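Okay, structure first, notes after.
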2 protein chains.
Amino acid sequence: MKAVETGPPLGCAAVMLGVFRAALQEQHQPVTQQREAIAQALFESGRHLSAEDIVEKLREGGESVGKATVYRTLNLLVQVGLAVEHDFDEGFRRYEMSAGPSRHDHLICTSCGVVVEFQRSEVDDLMGEIAEAHGFHVLTRQVKLYGLCPTCDEAADADLTRAGLR
Amino acid sequence: MKAVETGPPLGCAAVMLGVFRAALQEQHQPVTQQREAIAQALFESGRHLSAEDIVEKLREGGESVGKATVYRTLNLLVQVGLAVEHDFDEGFRRYEMSAGPSRHDHLICTSCGVVVEFQRSEVDDLMGEIAEAHGFHVLTRQVKLYGLCPTCDEAADADLTRAGLR
DNA sequence: ATCGCTGCAAACGGTTTGCAGGACA
DNA sequence: TGTCCTGCAAACCGTTTGCAGCGAT
């Protein structure tokens, strides 16, 4: 078995790429090498990538794409629903493959910056109910919990204790 | 009874201002006219204001403050927990008075941009439970539902119907 | 009187845009 | 072959920063 860097099921990227190609053709938009490369980079990583991350990833792979094209393609991916935009308060945006109906949300540590994903059907249910109650037709959501991860929380506690004992 | 532009209970701004002053003094930070004016502008409006909004609001009131000071003071307010930062994907940030424990969340229309607030104790409960399950010490959260408001949803439906009948 | 906040303007950095040339349909 | 996507670089814009001077403590 081959070692793989990161997460998504093998073959998933290929399927997503097919969907992307189909979506482009349906809108009479050209399927260019750059668009495929950018989409593939995002799908293969399966994580939260910045535009810069993608430029770098592709450069490492020997492909050269302009930053502007990366932004344009990412917007395209968001439009057709194959990617979602995230803002983790870093001063720039990150993008992530959107596996359609599989919704998940994030816990973000404001101290060390670690991002933990979680998935709870109760969130889907509750948000759906709220949207309905307000007559909104919700397409996407951003549920982010900011605070201290267990490690940083413990460290902060230790600091406080030390200060208290001083 | 006097006509009032916007929302928060009268006197609320004054109380919040007092808390801000106390917080500054506690940290041995000077209570300047600018800081008071900026905080008051935010507290009185009670809505989601951008830094630019505040500069304008103060200029209208005859007070002149630098944009840099507005940003610095807003960060100060966030640090002491009297304001929260919002990002509604407009390319800039908005700030809102934080009434401490009274948490509320937002529905955002991606078509007309209207922002609707809602408050549901179930959200507090669920988020608290999730944070606990992951050992996170959550301080703030961002729960945003993006989609079409009733008006825009209806308009979109009408468009689709028209297209279908063409 | 001292410390550090303010304000102006320039710097900064992520994102967008204009335009000449080349790739897809 | 025509359209429009790409890539470079400059423009853009919200935010941050450096520095001289004044205000709060």
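Here the structure is a predicted model, which means the values were calculated and not measured. Each chain gets a letter, A, B and so on, in the order the sequences are listed, and its residues count up from 1.
Atom CD in B:Gln33 sits roughly 15 Å away from atom P in D:dC22 (whole-Å rounding). One atom, CD of A:Glu63, and another, P of D:dT6, lie 13 Å apart when rounded to the nearest Å. Spacing between atom CD1 of A:Ile38 and atom P of D:dC5 amounts to 13 Å, rounded to whole angstrom units. The distance between atom CG of B:Asn75 and atom P of C:dT6, rounded to the nearest whole Å, is 12 Å. B:Leu74 has its CG atom 14 Å from the C1' atom of D:dT16, to the nearest Å.
Closest to the side chain of A:Pro30, out of C:dA25, D:dT16, C:dG7, is C:dA25.
Both B:Ala68 and B:Gln29 lie close to DNA chain C; mapped to their nearest nucleotides by heavy-atom distance, the more 5′-ward contact belongs to B:Gln29. The nearest heavy atom of DNA chain D to B:Gln34 and to A:Ser64 marks one nucleotide each, and the one closer to the 5' end goes with A:Ser64. Position along DNA chain D of the nearest nucleotide to A:His28 versus B:Thr32 favours A:His28 as the more 5'-ward residue.
Results of the side chain to side chain contact (heavy atoms under 4.5 Å, CB included) test with B:Tyr95 over B:Leu49, B:Ile38, B:Ile54, B:Leu74 single out B:Leu74 as the only residue that passes.
Between B:Arg35 and D:dA24, a side-chain N or O to OP1/OP2 separation shorter than 4.0 Å is absent.
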Ignoring hydrogens and angles, write down the donor-acceptor pairs under 3.5 Å from the side chains of residues 23-31 of chain A, residues two or more places apart or on other chains.
from: A:Gln29; atom 1: OE1; to: A:Arg35; atom 2: NH1; distance (Å): 3.1
from: A:Gln29; atom 1: OE1; to: A:Arg35; atom 2: NH2; distance (Å): 3.3

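The distance from the CG atom of A:Leu148 to the CD atom of A:Glu154 is 11.5 Å, given to the nearest 0.5 Å.
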For this session: Show the numbers, then the answer: is there a salt bridge (Lys or Arg N to Asp or Glu O under 4.0 Å) between B:Arg141 and B:Asp105?
Result: CA-CA 9 Å; B:Arg141 69 155 183 255; B:Asp105 304 292; 2.9 Å; yes
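Counting heavy atoms of neighbouring residues, nucleotides and ligands inside a 6.0 Å radius, atom CD of B:Gln33 does not exceed 12 of them. For A:His86, the NE2 atom sits in a packed shell: over 12 heavy atoms of surrounding residues, nucleotides or ligands are nearer than 6.0 Å. Surrounding NE2 of B:His106 are more than 12 heavy atoms belonging to other residues, nucleotides or ligands, all under 6.0 Å away.
For B:Arg72 against C:dG4, no side-chain N or O and base N or O form a donor-acceptor pair under 3.5 Å.
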Atom pairs under 3.5 Å, N or O on each side, protein against nucleotides 11-15 of chain D: can you list them with distances?
from: D:dT15; atom 1: OP1; to: B:Arg93; atom 2: N; distance (Å): 2.9
from: D:dT15; atom 1: OP2; to: B:Tyr71; atom 2: OH; distance (Å): 2.1
from: D:dT15; atom 1: O5'; to: B:Tyr71; atom 2: OH; distance (Å): 3.2

